[in-house]
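These numbers come from the heavy atoms of this one structure, side chains and all, not from hydrogens, waters or symmetry mates. Positions are given from 1 along the sequence. The shown structure was predicted, so the numbers you read here are calculated from the model rather than taken from an experiment.
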Amino acid sequence: MGSVKDYFSSLGQGIASLVKGLTVTGKELVTPKITEKYPENRETHKIPQRFRACLELIYDKDGRHKCIACGTCERNCPNGTITIESKMVETPDGKKKKKLDRYIYDLGSCTFCQLCVTSCPTDALEFSNDFEQAVFTRSKLVKQLNYLPEVPDPEPTPEEKAAAEAAKKARIEAAMKAAAAKKAAAAAAAGQNDGTPAVDSQKID
């Protein structure tokens, strides 16, 4: 007798729980949704100024950015969101210079901590407050931030070319003199070890 009573008691509790759940569901069906005006209110929707949506490179009016590919942001990122790919180019004066090739940013793994922005030595980064970042595939969350074509550096003037050529020639001559002095010093040291008279390297010219 007790088992039958327990059965109907549990059955009644189950029906009561079902009715309670359906009541909550029914209320939600007729409750106005907070997104009922989306996206019609995009133009009037006010986004807080400090809202962080997506990392961006800051471009000037000429289409140039200030990133020097130092890799500080990549090293400071706590979860590997940023990948810096650099390249070496030769400047008009013959020197080698590292430049940014590709700046890869994975929005899907970003924690929006802003360590990359605050640690950038050239202030080349910022967070936009564009909240429209929803996509259907994860691959679209991986962005290349240097999306504009690279603007070539301005051509040096004839005076700058002449100065760069003179500096290059001076460096070559200084390197040759240093190599000759080193060779003479090595020869003098070898002569002393052999017992032969040492030659004054200052008189050799």
Side-chain angles (χ1 to χ4, degrees), residues 20-156 160 164 167:
K20 185 176 180 180
L22 290 176
T23 302
V24 174
T25 304
K27 287 181 179 179
E28 291 299 323
L29 285 175
V30 297
T31 300
K33 304 300 182 291
I34 60 174
T35 58
E36 61 181 348
K37 292 185 179 180
Y38 181 85
E40 285 80 4
N41 65 335
R42 292 181 184 179
E43 296 180 358
T44 60
H45 189 59
K46 301 296 182 182
I47 305 298
Q49 186 178 2
R50 296 177 63 186
F51 176 74
R52 302 170 189 172
C54 184
L55 187 65
E56 293 182 346
L57 276 177
I58 302 175
Y59 280 94
D60 60 15
K61 61 180 180 179
D62 297 324
R64 290 186 173 90
H65 58 75
K66 295 187 290 185
C67 180
I68 57 176
C70 64
T72 302
C73 54
E74 182 180 10
R75 292 189 296 271
N76 288 339
C77 183
N79 55 348
T81 298
I82 298 172
T83 302
I84 301 293
E85 297 179 7
S86 60
K87 60 183 178 181
M88 297 299 294
V89 297
E90 187 173 352
T91 59
D93 57 355
K95 296 180 180 179
K96 297 291 185 178
K97 179 182 179 182
K98 184 167 72 170
K99 295 188 70 174
L100 178 67
D101 187 20
R102 297 174 72 226
Y103 196 113
I104 307 301
Y105 167 66
D106 187 359
L107 177 60
S109 61
C110 182
T111 59
F112 310 100
C113 62
Q114 203 169 245
L115 284 175
C116 51
V117 176
T118 55
S119 63
C120 181
T122 59
D123 296 328
L125 299 169
E126 67 177 357
F127 268 99
S128 70
N129 59 358
D130 180 14
F131 63 94
E132 294 285 0
Q133 301 296 332
V135 292
F136 289 100
T137 57
R138 290 180 180 271
S139 60
K140 292 184 179 180
L141 293 174
V142 180
K143 305 172 183 287
Q144 182 175 341
L145 299 191
N146 57 326
Y147 55 90
L148 291 180
E150 185 175 349
V151 179
D153 295 331
E155 287 292 329
E160 292 175 340

From [X] atom [atom1] to [Y] atom [atom2], the distance as rounded to the nearest 0.5 Å:
| X | Y | atom1 | atom2 | value |
| --- | --- | --- | --- | --- |
| K96 | M88 | NZ | CE | 7.0 Å |
| N76 | C120 | CG | SG | 10.5 Å |
| I84 | D101 | CD1 | CG | 10.5 Å |
| L115 | C73 | CG | SG | 11.0 Å |
| T111 | R52 | OG1 | CZ | 9.0 Å |
| T23 | K20 | OG1 | NZ | 9.5 Å |

Return the minimal non-hydrogen interatomic distance between [X] and [Y], and the atom names on each side.
| X | Y | result |
| --- | --- | --- |
| D130 | Q133 | O-NE2, 3.1 Å |
| C67 | A124 | N-CB, 3.6 Å |
| L145 | Y59 | O-OH, 3.8 Å |
| I82 | C116 | CD1-CB, 3.7 Å |
| L55 | Y103 | CD2-OH, 4.0 Å |

Tell me, with the steps shown, if L100 and H65 meet side chain to side chain contact (heavy atoms under 4.5 Å, CB included). CA-CA 10 Å; L100 178 67; H65 58 75; 3.7 Å; yes
Quick one: are [X] and [Y] in side-chain contact, heavy atoms under 4.5 Å?
| X | Y | answer |
| --- | --- | --- |
| L107 | F112 | yes |
| L125 | L57 | yes |
| V142 | Y105 | no |
| T72 | R75 | yes |

Would the distance check show the side chain of [X] and the main-chain N or O of [Y] forming a donor-acceptor pair, the cut-off being under 3.5 Å?
| X | Y | answer |
| --- | --- | --- |
| K66 | I58 | no |
| D62 | R64 | no |
| S128 | A53 | no |

Could you go through K143 and C54, starting from their C-alpha distance and side-chain angles, then the distance that decides it, and tell me whether this counts as side chain to side chain contact (heavy atoms under 4.5 Å, CB included)? CA-CA 10 Å; K143 305 172 183 287; C54 184; 3.8 Å; yes
Stepwise side chain to side chain contact (heavy atoms under 4.5 Å, CB included) check, N79 with C77: CA-CA 6 Å; N79 55 348; C77 183; 3.4 Å; yes
Take L141 and V135 through the side chain to side chain contact (heavy atoms under 4.5 Å, CB included) test and state the conclusion after the steps. CA-CA 7 Å; L141 293 174; V135 292; 3.5 Å; yes
